[in-house]
Structure formats: structure tokens, C-alpha cells
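Heads up, the thing below is written out as C-alpha cells.
Small disclaimer: the values here were computed from a predicted structure and weren't measured. Per chain, numbering begins at 1; letters A, B, ... match sequence-line order.
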Amino acid sequence: MPMIASVIVNNTAKVLDKEFEYYVPENMKKIIKRGQRVVVPFGKGNNFIEGIIIDIKDVINKDMELKEIIDIIDDVPLFNDSMINLAMFLKQKYNCTLIEAFKTIMPSGINSKEKLIIKFLSDKNYVKNKKIVEAIKKYNTIDYNKLCNVLNFKIPKSTLYDLKNDGIIAIDRIMDCRVKVKKVEVYSIADIKKCDEFIKNSSQKLKKQIETLKIIMSSETPLTLKEISLKSDCSSSVVKSLEKKGLIAKYEKEIYRNPVKNNYTFGKFELTKDQKNTIDNIIESYKKGKRVSLIYGVTGCGKTEIYLNAVENFIKMGYDAIVLVPEISLTPQTVERFKGRFGDVVAVLHSRLSDGERYDEWRRIKSGEVKVVVGARSAIFAPLNNIKLIIIDEEHEYSYKSEMTPKYHTREVAEYIVNENNGLLILGSATPSMESYYKAVNGEYNLIQILKRVDNMKLPDISVIDMREELKNGNKSMFSRELYTSISDNLKKGEQTILFLNRRGYSTFVSCRSCGYILKCKNCDVPLTYHVSSGKLSCHYCGFEYNVPKLCPKCQSKYIKYFGAGTEKVEEEIKKNFKDAKILRMDVDTTRIKGAHEKIYNEFKNNNADILIGTQMISKGMDFKNVTLVGIIAADTNLNVPDFRAAERTFQLVSQVSGRAGRGEKAGKVILQTYEPEHYSIVFSSNHDYIGFYNKEIEIRRALNYPPFSDILNVLLMSEDENELIEFTKKIKNEVNNIIRGRNVEVLGPAPCHIYKIKKSYRWHIILKGKVYDVLNDLNYILNYNTINTSINYSLDINSYNMI
DNA sequence: AGCACGCCGACT
DNA sequence: GTCGGCGTGCTC
């Protein structure tokens, strides 16, 4: 009976987002399984393409002619049933293609692509396609893509096959991928009898060989050449002769690349009463069937110890756990705590791993060796076999929302997984997201509050400085008088200071004093930032760098000035005012090279500097005992962007940064500079009043029907052709109006985005508010249909964190 | 997305 | 008569 497999092909085009059926050849029938990746011929040219099997069935007759599967890639299926279901969930919830969903849950770099290897045979008296034949002859063997590059034009496949049919060339097709299983050559005993004889009968002349052989014999595991020569202090020639004599044999062994080099140990702490109560509370509510617990705990309340304890409880019962932290706090310190406590059953996944390292951690997890995965956003897809516990630390963090298709939110995916597995999700934050706290207040989540710090330390006092008053009093500098004197007092006392400003570079914009012209990026609608380190103007959106013009491009005046302040400017001002102070700066620019982040962190931690200046990067996860002063240079930089989360974001940022002060024995102090001291974000955050902020903000959200009371769908429309884009938005607006008729959805726009152009592409958006999931499919259909044969690209993002 | 087919105009 | 331009439609 013919066997048919349904395959999802590795091509992200929306029209190919369906199952394609292939015959399973006789010799594969026994080994083919759902979830395996296969190679199939596809399209008119029968190009080889990778696919994923999602269904296998026996069929008696089939009216359509089917092609056959070429090859099976994975012996063991890469995806099990629950992973396939997860992919389907992502597709349905975030409106992506199934293959995009699969690619999201598998490690990057293991997809293979067809490679055509062309081999020259003979050119006889061939006259056609002379240039191509000559090039192939020159290289003898060359791959197709390289050949096209060399000749600087795309050779039609038909020409290639003509050449093959005429006997000029041979074509070999292979499937090639970037990441391969890493192998090492190891030696082990080939014939134990022979070895014994050799040792007994050989003369002293072969002393070194005997000694080396004994070492290999006594080793429990096969040894690499390096290990052997190290242990017996011999050269490779000794090993080679043993191999030649047939006493030992060489073979290849698969190994895992290990991203964590150090061995850590990390002890257990006695839990405080609060911590113990929290654990009991969570377990109890879990037993009652609550899938999600939210820990609202002030900074320094010892959440990590609670997490460690919960993980320990679950792995003792034989379950697996995932612990997620924001990318930025996935420092060696965090890894250390988990690896030190649980040892080798911990795997680490984060963006700084190479594709190879990630693939190996992934395989290690899948094999069942790993019980606990610690990682950033994408670690939610770790292929553990028995996930029962997921912890999301700092659950309010924006990095949990993916910016790439599928634009998933980690919290939502985690909820899906615990619901599927009857598991438990623990969310933790000192400033929970509006969404989560709302659900907790309404009883959907179990809520636990911890309002005391472990050491009973008080939260730092925050004094709010109105910068308008400073200006009135003749202080034009970026430091208020109070901040200035506090810094200088701290320097005298030998205590450390953190200065926070959420902007990198020197100036925030460059403008002509004579005509007011502001220098902007030619590709993006963004003012350029001056960087002292490079001496250039840089666009923070496309990365393009410009030389500083001597004259104004518009009016030719020479009065070009830098306005606004970034971290580089703060550094310069501090250097000017406090000549003896040792200063460190931490932002994207100073941490580009690998390990720089760590280095700055350690320098400051070891008290080798007085002042640390930084952006977002220093706002979380960092624990410095000697920091007693935190200066927030401008608290309101994010307050007035057109985004419904602006207030929430500002509150969270101020709370996070303030938390850096007074983590040791000495009390901390925070000086918050702002132009809007009366704004409720500033008022509540300076009083450490999360509940107060929540109550105010939730009423605003309710009144304006923003999340959590609605869902917001941002329809971003982009094109390099501005006129076509504007015409398109008008047209699509009517279509959208048709779709939402009679549904509980409101439409705003179309309007140009706050940042009108990025990387040469103009941007408009339409915002839908309300029950957007109801219209998602229809909307996707009309956008897809109407953008065919246009220059318009579109993207749909639900409850986006990036509305500008 | 990629590729082949096909219909039309320009040119040896 | 044929080469190559791009609009159209299909991929198991």
C-alpha cells in the first residue's frame, strides 16, 4: 500500500504555508516518523528543499501524481508531538506561517539548503555558453552559487542541465548546513589479546609504546590524541605506530560544545519566613489548580532563592523546569547560582552562544540529560521532555516580547505550555506589568506580595528635583545643585555613585544655530547623535555613520552645535567637575567587544572606580554593595513618546534604577531629575508606591480602552515608495472598515508613524483596538491579497511594545 | 520566494 | 525568424 507523508516545506512564503504530500519510498517506510525533517524535490525545477513531516498515512489510491521523498535528515525526529502542537499554537496565535513557527522553536543554523556542485568533464568541441564552460573548466569543481558570483550573473538552471545532458559537466546536489555535529578523533583499544601479547613480548626498545598503550588500556573512555600525549608525555608518532600495528583504533566521537567553562558551586541558604511562606503559598494554590502565581516582591526580597527552591522541589519529583531572565541579566552571576546549585543538569541558552553551542545545548536538553534550562526569551522553547515548572523573572521586561515574526510574548507561550502540561508558571517582579497585576487582582493569577527586603533594609529615599527650578535659579548645567553636592560628598566618603541616563552618545541632536536645521539620517527620519569616541555622527536606527559637516548643509553657516545630552556628555561633564574621580561608562558603545560588560562590572564591583555612568544596561540585575547614591539625570526621556505604555515604562525604569542604591549595609539615596515632577509616574515611583501607580494607571487604561481591557493590533505598512504607500493606506482603510463592521473593534488611522522613515522605508500604521483576534484572519487575508505586486510590506503586531 | 512559461516588441 | 523583457501562475 502506498505510504504518503504530509510535509511543511522550508520556505516562508505565505502561499506555501500548507501541507505538501509526497510518496514515501519503500526503503524509508519503516524508519519514517512524524516530526522528522526530510529532503524533498520542490517546484518545477525539482530543487531540493528541506521539509518537516507532520503527518503520515496509508492511502490506497491518489488521483494526483506525487513526488517521492529524497532523504531523511533526522534519525530521531527533531520535533515531538507537543512541539508540533506548540508550532501550531504559534501560527494560530501570532499569525505566522507554520514553517516560521517551527524555525522559532528549533535552534538556528541547522536548516540545510541545496548546494549544486558542478564538476567539469570535457568540453569536446563545444561552442555554446563559452564563458560558463571556460569558468567551470578553470575551477574544475565549483559550487553553483560561487560560479554565478564569479561570472556576475545568474546562470539559468535550464542552461546548467543542458550542459549536463551534453556531457560537459556533472552536477552533484548536496544539502548543506552551517552547523554541524562536532566530532573529535579518539583512540581506543582495537584488540585486547594482541595488546597483551605486545606488552609481554616487546623489547625495551619499544618502552614508550608499551607505556602509552597501558595508559590507553587503563582509560575507561576513549582518549583524544592530545589527552594521550599529555598523559604519557609522548609525541603523536608513538600513537600512530600503535595504530599501524592494529593495537589501537581511531574513530570519530560526537561531542557537545560547552558554553560554560567554569565549575561553580553555590550553596543553599536558609529560607527566610517570607520566602518559605511564598513557596508554601505557591505550591498550595498550584495543588488547587491555579496555573499561574505572580510574586510581587520589592527589590532585594530574595526572589532568586525562592526560584531555586521551587526548581529544587520540582526536579526532586522528576520534573523539568525552565527559568527565564531578561537577556541583560543573564550574566555569569545568574548562571553561577543555578549551575552551582544543580550542576550539570543545567543548560544555558542565550543570544551570545554560537550556533554550534546552542545546537549542542539543545541536543543535550532533548536527550534528557538536562533538567533545568536557564535562559533568555527563546529558552521558553527548550525541548525538555517533562516541563512542569516555568519561572519568568522580571516578568514586566519588554525583552520578553519578540520583535521578529512570530511576535510572541514569552508569558503567553509559557501559559500555553503550563496549561498543556498541567504545570506551574511563576512570574516575579518588583514592578509587575499592568496586564499581570490586573489578572492577579481579579483572581485569575495567584498573587503573593513580599513587601520586606531580606535584610529588612529600607528602600532608598528618592528626592525629586524640578529641573525648571534649577534653570530659574541660573543653573544651566545638567546636574542639579543637590546632585552635584551629593556626588562630591560621596567621593569624599569613598562611596560609589551610579549615574543613569537612557541615551547613549554625546548629543541627542545636532543643529544649526543660524537656521535651525537639524541633521538627520538620509535613510531614517531620525536626528543624528554625535559620538566623541568615533568623532562621527551616528544614526541609532540604521547604524550609518557620517562625518561632522563643517558648514550647515542648508544655510552654509558655521554655527553647528550639539544639543541634548547622552552618556558621553555626562562622562565629560563629570571629568570636568570632579578631576580626581575614577569613572566607568557602560552602554552599547563601551560593551561592543566580548567580555567588556563583565570587565566593567567587575572593575566597579571591586571598587576600582567611583562613578559608573550608564544606560538601561545598568538598571537591572547589578548588585553593588558600596553604591549609596544613584543619580537619574533625566527621568522623563520616555514619558512623552506616543505610546500607551510610556507612563508604565517610566515608572518601571525609575523603580529599577533606584533599586541599585543602598544594597549593602549603608543606606542609599536617589536623586531624580525631571521637568515634570508632578507627573504621576514620577510621583508614585519616588514614593516606592507600586500599588498607587497601578490604581491610577489602570483607571486610565480602562477609560481609554487600552490593554489589559483590550488588545491592540498595530498594522505597520512600509514601502520605499512614499506615494504608493500613502495611496495604499487610503485604500486599505476602506477594506479594514468593511472587516470590522458589526464587531467590537475600533480603528485609528491610518497615520504616519512617529518615526516616519527607517532604513529608507516609509512607515504608516493603522491601529485596531478591541477584540482584534476576531478580525486577524480576515485582516491578514486582505493585506496579503492587496500587497501582491506592490512595493508594500506589512507587519502585524498584537500588544506591541514598539508603537512608534 | 523562486522558477518556468508565454506573450509582445526589437533586432540580426 | 529569435532574443530577451517582465507579467502570470504554480509549487504535492
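Closest approach of Thr12(A) and Glu100(A) over heavy atoms only: CG2-CG, 3.6 Å.
The interatomic distance linking Lys14(A) (NZ) with dT11(C) (P) rounds to 21 Å, in whole Å. In this structure, the OH atom of Tyr144(A) is 6 Å from the P atom of dC3(B), given to the nearest Å. The CZ atom of Phe48(A) sits 14 Å away from the P atom of dC3(B) (whole-angstrom rounding). When rounded to the nearest whole Å, the span between CD1 of Ile70(A) and P of dC12(C) equals 11 Å. Rounded to whole Å, atom P of dT11(C) lies 16 Å from atom CD of Glu19(A). Distance CD (Glu65(A)) to C1' (dT11(C)): 15 Å, rounded to an integer number of Å. Across the protein-nucleic acid pair, Leu16(A) atom CG and dG2(B) atom P stand 10 Å apart, rounded to whole Å. Rounding to whole angstrom units, CD1 of residue Ile54(A) and P of dC12(C) are separated by 16 Å.
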What are the atom names and distances for every N/O pair under 3.5 Å that joins the protein to nucleotides 8-10 of chain C?
none

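Arg377(A) has no carboxylate O lying under 4.0 Å from a charged side-chain N of Glu403(A), or vice versa, which leaves the two without a salt bridge. Between Lys119(A) and Asp172(A), none of the side-chain N atoms (NZ, or NE/NH1/NH2) sits under 4.0 Å from a carboxylate O, so this pair counts as no salt bridge.
For Phe20(A), counting side-chain heavy atoms from C-beta on, the closest listed nucleotide (dC12(C), dC3(B), dA1(B)) is dC12(C).
Because its NZ or CZ atom is both nearer than 6.0 Å to the ring centre of Tyr706(A) and within 45° of the ring axis, Lys769(A) counts as a cation-pi partner of that residue.
Side-chain contact of Tyr773(A) with Asn95(A): a donor-acceptor pair under 3.5 Å is absent, judged by distance alone.
Taking the side chain as every heavy atom from C-beta outward, Lys33(A) and Ile72(A) never approach each other to under 4.5 Å.
Here Tyr22(A) lies in heavy-atom contact (under 4.0 Å) with sugar-phosphate atoms only.
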